[in-house]
S.K.: 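Shown below is the structure under consideration.
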Amino acid sequence: MDNNIWTDSIKELRDVYVLSCCGILAALAVALKFVASIDIGEYIRIGFSDLPGMAVSALFGPAVGGVFWGMLDIIKYLVAPTGPFFPGFTLSAVINGMIFGFVLYHKNLTIKRVLAAQFISKLIISVGLNTFWLSVLYDNLFIVMLPVRIVTALVMLPIDSMITFMILRFVSRLWQYGIRMRDTA
């Protein structure tokens with residue numbers, strides 16, 4: 001773990017400009033949850049409500065990303081609950097925000113780096129933790145759900161990576177422009 005990335009990210013939590021951006025992106029994420037998802041069959045959903053969280057993690061690091069994703073998970077549940085609240089999913093969200101932060105923060109944005117972040121996220125969170133949480137929550141066998149979760153993750157990996165790369169490239173350019181404008185004001 002790179003201590004510099006972690007400490008830099010913690011410092012971001014003190015910046016009012018960063019917190020304001022996080023608030024705006026949280027509102028966008030909640031709105032996207034309602035209007036921006038595409039279902040492909042019964043098990044595959046292309047959703048866009050995680051994109052603001054990925055932007056927060058990439059721009060502000062793993063500490064801000066983890067806090068943002070955790071709080072956003074609770075907010076989304078309070079606004080539109082889908083099933084019972086389960087803290088394991090909130091823990092998954094925090095870890096996911098940290099994964100994207102560690103892989104993308106203070107680094108050149110490349111498709112390979114985004115693919116790596118998505119792969120790690122899908123392996124640890126989607127296939128690992130979330131499958132475990134679902135098996136605990138619904139008394140399903142982990143090993144029974146695992147093949148479907150693996151196939152879904154493999155199908156979604158290139159799709160999510162391309163969408164994430166394009167959005168993060170756009171957001172990082174906007175952020176750089178905003179920083180330049182803030183510094184000249």
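One-based numbering along the sequence shown. In this text, all values refer to a predicted model and were calculated from it rather than measured experimentally.
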S.K.: Should we say atom CZ of F170 is surrounded by more than 12 heavy atoms from elsewhere, each under 6.0 Å from it?
M.R.: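 For F170, atom CZ is not crowded (no more than 12 foreign heavy atoms under 6.0 Å).
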
S.K.: Looking just at side-chain N and O atoms, do S135 and N140 make a donor-acceptor pair shorter than 3.5 Å?
M.R.: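 Distance-only check fails for S135 and N140.
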
S.K.: Between D50 and K76, is the salt bridge (Lys or Arg N to Asp or Glu O under 4.0 Å) condition met? List the steps.
M.R.: CA-CA 11 Å; D50 286 343; K76 283 182 184 178; 3.6 Å; yes

S.K.: Looking only at non-hydrogen atoms, find the nearest pair between N96 and S121 and report the distance.
M.R.: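 N96 and S121 have their closest heavy atoms at OD1-OG, 2.5 Å.
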
S.K.: Quiz question: by atom type and distance under 3.5 Å, do the side chains of Y17 and E12 form a donor-acceptor pair?
M.R.: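 Judged by distance alone, the side chains do not pair up.
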
S.K.: T131 side chain to V127 main-chain N or O, any donor-acceptor pair under 3.5 Å?
M.R.: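 Yes: the side chain of T131 pairs with the backbone of V127.
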
S.K.: Tell me whether M145 at atom CE has more than 12 heavy atoms from other residues, nucleotides or ligands lying less than 6.0 Å away.
M.R.: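 Yes - once you tally the heavy atoms of other residues, nucleotides and ligands closer than 6.0 Å, there are more than 12.
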
S.K.: Distance-only, no hydrogens or angles: does the S49 side chain make a donor-acceptor pair with backbone N or O of K33 under 3.5 Å?
M.R.: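 Pair absent, no side-chain N/O of S49 close to backbone of K33.
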
S.K.: For residues N130 and S92, report the shortest heavy-atom separation together with the two atoms involved.
M.R.: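 For N130 versus S92, the nearest heavy atoms are OD1-OG, 2.8 Å.
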
S.K.: Please report the shortest heavy-atom distance between G88 and W133, naming the atom on each side.
M.R.: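 Here G88 and W133 meet closest at O-NE1, 2.8 Å.
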
S.K.: Is the number of heavy atoms from other residues, nucleotides or ligands within 6.0 Å of CD1 (I143) greater than 12?
M.R.: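 Incorrect, the count does not exceed 12.
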
S.K.: Take N4 and T7, measure what side chain to side chain contact (heavy atoms under 4.5 Å, CB included) needs, and give me the verdict at the end.
M.R.: CA-CA 5 Å; N4 200 24; T7 54; 4.0 Å; yes

S.K.: Can you name the side-chain contact (heavy atoms from CB on, under 4.5 Å) partners of I75, sequence neighbours left out?
M.R.: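 Testing I75 for side-chain contact (heavy atoms from CB on, under 4.5 Å), a comparison that skips the adjacent residues, returns V30, V79.
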
S.K.: Should I120 and F100 count as side-chain neighbours, where that means a heavy-atom distance under 4.5 Å?
M.R.: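 Side-chain contact under 4.5 Å: no.
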
S.K.: Answer yes or no: is there a donor N or O on one side and an acceptor on the other, between the side chain of W69 and the main chain of I95, under 3.5 Å?
M.R.: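 Such a contact is absent between W69 side chain and I95 backbone.
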
S.K.: Under the side chain to side chain contact (heavy atoms under 4.5 Å, CB included) criterion, do F60 and L13 qualify, and how do the steps go?
M.R.: CA-CA 8 Å; F60 311 126; L13 283 169; over 6 Å; no

S.K.: So which atom in T90 and which in G70 form the shortest heavy-atom distance, rounded to 0.1 Å?
M.R.: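 Smallest interatomic distance, heavy atoms only, reads CG2-O, 3.7 Å.
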
S.K.: Test side chain to side chain contact (heavy atoms under 4.5 Å, CB included) on L154 and I150; report intermediate values, then the result.
M.R.: CA-CA 6 Å; L154 288 173; I150 290 171; 4.0 Å; yes

S.K.: Working note: K107 + I5, criterion side chain to side chain contact (heavy atoms under 4.5 Å, CB included); need CA distance, chi angles, decisive distance, verdict.
M.R.: CA-CA 10 Å; K107 305 208 172 65; I5 288 176; 3.2 Å; yes

S.K.: Looking at every heavy atom in both S9 and G61, which two are closest together, and how far apart are they?
M.R.: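 Looking at all heavy atoms of both residues, the closest pair is OG-C, 3.1 Å.
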
S.K.: So does F119 have more than 12 non-hydrogen atoms from other groups sitting under 6.0 Å from CZ?
M.R.: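 For F119, atom CZ is not crowded (no more than 12 foreign heavy atoms under 6.0 Å).
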
S.K.: Within this structure, what is the CZ-CG distance for the pair F68 and D73, rounded to the nearest 0.5 Å?
M.R.: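 Taking CZ in F68 and CG in D73, the distance rounds to 11.5 Å.
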
S.K.: Taking atom OH of Y77 as the centre, does the number of heavy atoms from other residues, nucleotides or ligands within less than 6.0 Å exceed 12?
M.R.: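 Buried by this count: over 12 neighbours within 6.0 Å.
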
S.K.: For A29 and L72, which heavy atoms make the closest approach, and how far apart are they?
M.R.: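 Scanning both residues completely, I find the closest heavy atoms to be CB-CD2, 3.5 Å.
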
S.K.: Are S57 and Y105 close enough that some pair of their side-chain heavy atoms sits under 4.5 Å apart?
M.R.: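 Not touching, per the 4.5 Å side-chain cut-off.
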
S.K.: To the nearest 0.5 Å, tell me how far R113 CZ sits from L168 CG.
M.R.: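 R113 CZ to L168 CG: 12.5 Å, rounded to 0.5 Å.
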
